[in-house]
Participant: 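The following block contains the structure, expressed as structure tokens.
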Amino acid sequence: FASRYVRASLPRFRMPENSIPKEAAYQIINDELMLDGNPRLNLASFVTTWMEPECNKLMMDSINENYVDMDEYPVTTELQNRCVNMIAHLFNAPLGETETAVGVGTVGSSEAIMLAGLAFKRRWQNKMKAAGKPCDKPNIVTGANVQVCWEKFARYFEVELKEVKLSEGYYVMDPEKAVEMVDENTICVAAILGSTLNGEFEDVKMLNDLLVKKNEETGWDTPIHVDAASGGFIAPFLYPELEWDFRLPLVKSINVSGHKYGLVYAGIGWCIWRSKEDLPDELIFHINYLGADQPTFTLNFSKGSSQVIAQYYQLIRLGFEGYRNIMDNCQENAMVLKEGLERTGRFNIVSKDQGVPLVAFSLKDSSRHDEFEISEFLRRFGWIVPAYTMPPDAQHVTVLRVVIREDFSRTFAERLVIDIEKVLHELDALPSRSSGPALQHPNGDTVSEKDLARQREVVSVWKRAVAARKKTQGVC
């Protein structure tokens, strides 16, 4: 630390002229990374933050393999195909015991959704061209609660996004309203198994039944895509009787994130199609410049093999029994957290018991302080808990959300409730964020505008001091 390498500012815009020792480079970067948050305390994220050491070793051993080079790494390609087959059977694809499933590994559900959307768009275009009808105005029907990747797909690939608005108390897509919005130019209806906002499963079965009826009345064949990014590795283990997958005839493709409840580090998703007929051949490319003819249907080309290998490890290491035990544990810990929040008497629970194991909650009374302040104050304890407003037409509702992952223990749940109670007590002692002429202090006294201004000034100075301390101590 007394060397010249830490006495100068790190390069920000230009590559340095001279080299430095590897030890110095490591130390400098490692020290700066200490200022990042702790991934395991990041309760905003659905993404896996812990894996077994044996799986970590497998990933590091294969970190220099290029997944796309199938001729050079045929075993990795075989492992990907095994994962596709296992996941397809998990989703009840209509396959024989030894029949190969149709699917592909991606860098996440965003890419998987892009691929599924392209397949729907191309099938719709081919159908409209064959009927001699215009095919320049495709649309897709979703709820307003969809993840931003659906908006990206619509904008990037010129598809109109028709969103079913939400309402207070009902934060998922209404199947009846969705089917009403379907027209001849609808390439598919997208249902979400595990809303990002509150973890709730949309009613895919009702959507399928209503859409079957409308297709019969109109002669259309509008299909369904299920965005199971979060719920795809939950529903088969916790709710095996729930019909949401390929058991429903109009479900033609499903995406799932291996790096969420598939229990793999960030960088792996899957897209599974019902059959070969649902993936147009013209979207599949064939290349031979890596040594042999290789079919490919991805938006990316080169990428690492590690996550594919890790997914196969988890599937055979845990099996159905292991995944079910982990999901049961996540759900139980979510209930512990929910009950602890309810005991405070200060929150409304927005999430549902059936769905992704998370707890979304909002203040019963936000007249003095709001959810954003709670989120900010929790960071002092190391917790990263997001606060956000709901989409239209429920944008007046603000919620906090805690995602329960495999590595979120019962002790963590109990500790988080204690820290939330501490934050509530601190906020109660502070002046309100409102700017009225006079406010009631918790002890019942009226606070004058002059006193309130003085208190605000003190709080402002205190907040700046806390922020400065965060920067110097590296507290998230």
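By convention here, the first residue in the shown sequence is residue 1. Reckoned from all heavy atoms, side chains included, excluding hydrogens, waters and symmetry mates.
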Participant: Any side-chain heavy-atom pair from E160 and P138 closer than 4.5 angstrom?
Facilitator: no
Participant: Name all pairs fulfilling the salt bridge (charged side-chain N to carboxylate O under 4.0 Å, His left out) condition that reach into residues 99-121, sequence neighbours left out, sorted by first residue then second.
Facilitator: none
Participant: Give a yes or no on whether Y26 atom OH has more than 12 heavy-atom contacts from other residues, nucleotides or ligands under 6.0 Å away.
Facilitator: no
Participant: Please round to the nearest 0.5 Å and tell me the distance separating atom OG of S306 and atom CD1 of I63.
Facilitator: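 So the gap between those two atoms works out to 5.0 Å.
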Participant: Check whether any side-chain heavy atom of L416 lies under 4.5 Å from a side-chain heavy atom of F408, and answer yes or no.
Facilitator: yes
Participant: Any non-hydrogen side-chain atom of H259 less than 4.5 Å from a side-chain atom of Y265?
Facilitator: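 The answer is no; the side chains never approach within 4.5 Å.
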Participant: Could you give me the CA-CA distance, side-chain angles and deciding distance for K127 and D221, then say whether salt bridge (Lys or Arg N to Asp or Glu O under 4.0 Å) is met?
Facilitator: CA-CA 10 Å; K127 180 187 67 175; D221 60 349; 2.9 Å; yes
Participant: For E52 and R317, what are the C-alpha separation, side-chain angles and deciding distance, and is it a salt bridge (Lys or Arg N to Asp or Glu O under 4.0 Å)?
Facilitator: CA-CA 10 Å; E52 292 176 326; R317 158 78 174 96; 2.8 Å; yes
Participant: Show me the side-chain donor-acceptor pairs of residues 209-218 shorter than 3.5 Å, one per line, residues at least two apart or across chains.
Facilitator:
from	atom 1	to	atom 2	distance (Å)
D209	OD2	K205	NZ	2.9
K214	NZ	V179	O	2.7
K214	NZ	V182	O	3.0
N215	OD1	T222	N	3.2
N215	ND2	L211	O	3.4
N215	ND2	T222	O	3.2
T218	OG1	K214	O	2.8
T218	OG1	W220	N	3.3

Participant: Measuring from atom CZ of R405 to atom OG of S45, what distance do you get when rounded to the nearest 0.5 angstrom?
Facilitator: 5.5 Å
Participant: How would you list all residue pairs meeting side chain to side chain donor-acceptor pair (under 3.5 Å) that involve residues 387-398, not counting sequence neighbours?
Facilitator: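 Counting only pairs at least two positions apart or across chains, the side chain to side chain donor-acceptor pair (under 3.5 Å) contacts touching residues 387-398 are E168-H396.
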Participant: More than 12 non-hydrogen atoms from neighbouring residues, nucleotides or ligands closer than 6.0 Å to CD on Q354, yes or no?
Facilitator: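 Counting other residues, nucleotides and ligands, CD of Q354 exceeds 12 neighbours.
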Participant: Any non-hydrogen side-chain atom of L207 less than 4.5 Å from a side-chain atom of E202?
Facilitator: no
Participant: Determine, step by step, whether K162 and T142 satisfy the side chain to side chain contact (heavy atoms under 4.5 Å, CB included) criterion, reporting the C-alpha distance in whole Å, the side-chain angles of both residues, the deciding distance to 0.1 Å, and the verdict.
Facilitator: CA-CA 6 Å; K162 300 170 72 173; T142 71; over 6 Å; no
Participant: Below 6.0 angstrom between ring centroids: does that apply to H225 and W150?
Facilitator: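 Between H225 and W150, the centre distance is under 6.0 Å.
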Participant: So, do Y323 and F233 have ring centers that fall under 6.0 Å from each other?
Facilitator: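 So the answer is yes for these two rings.
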Participant: Flag the pair S351 / F361 as yes when at least one side-chain heavy-atom distance between them is below 4.5 Å, and no otherwise.
Facilitator: no
Participant: With rounding to the nearest 0.5 Å, note down the distance linking CZ in F46 to CG in L358.
Facilitator: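 F46 atom CZ to L358 atom CG measures 5.0 Å (nearest 0.5 Å).
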Participant: Can you confirm whether or not the ring centre of W383 sits under 6.0 Å from the ring centre of F377?
Facilitator: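 No, the ring of W383 stays outside the 6.0 Å limit from the ring of F377, centre to centre.
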Participant: How would you list all residue pairs meeting salt bridge (charged side-chain N to carboxylate O under 4.0 Å, His left out) that involve residues 330-340, not counting sequence neighbours?
Facilitator: E332-R410, K338-D353
Participant: Which side chain to side chain donor-acceptor pair (under 3.5 Å) pairs, counting each pair once, include a residue from residues 276-285, with sequence neighbours left out?
Facilitator: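 Of all non-adjacent pairs touching residues 276-285, those that pass side chain to side chain donor-acceptor pair (under 3.5 Å) are N126-E282, S275-E277, S275-D278.
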Participant: Does F237 have its ring centroid less than 6.0 Å away from the ring centroid of F320?
Facilitator: yes
Participant: With no hydrogens and no angle check, do the side chains of S366 and E371 hold a donor and an acceptor under 3.5 Å apart?
Facilitator: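 No, because no side-chain N or O of S366 sits under 3.5 Å from a partner of the opposite role on E371.
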Participant: With heavy-atom distances below 4.5 Å as the criterion, would you say the side chains of T106 and V104 are in contact?
Facilitator: yes
Participant: Side-chain contact test, heavy atoms from C-beta onward, threshold under 4.5 Å: evaluate it for Q311 versus Q80 and give yes or no.
Facilitator: no
Participant: Measuring centre to centre across the rings, with the benzene-like ring taken for any Trp, is F297 within less than 6.0 Å of W273?
Facilitator: yes
Participant: Which residue pairs satisfy the salt bridge (charged side-chain N to carboxylate O under 4.0 Å, His left out) criterion with at least one member in residues 78-88, sequence neighbours excluded?
Facilitator: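 For residues 78-88, and leaving out neighbouring residues, the salt bridge (charged side-chain N to carboxylate O under 4.0 Å, His left out) pairs sorted by first residue read E78-R82.
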Participant: How are the rings of F153 and F157 set to each other: parallel, tilted or perpendicular (split at 30° and 60°)?
Facilitator: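 F153 and F157: tilted rings.
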Participant: Would you say the side-chain atoms of T186 and N139 include a donor-acceptor pair closer than 3.5 Å?
Facilitator: yes
Participant: Would you please indicate if the ring centroids of F91 and W244 are separated by under 6.0 Å?
Facilitator: yes
Participant: Just so I know, are the side chains of V164 and M181 near enough to count as touching, which here means a heavy-atom distance under 4.5 Å?
Facilitator: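 When only atoms from C-beta onward are counted, M181 and V164 do touch, with a gap below 4.5 Å.
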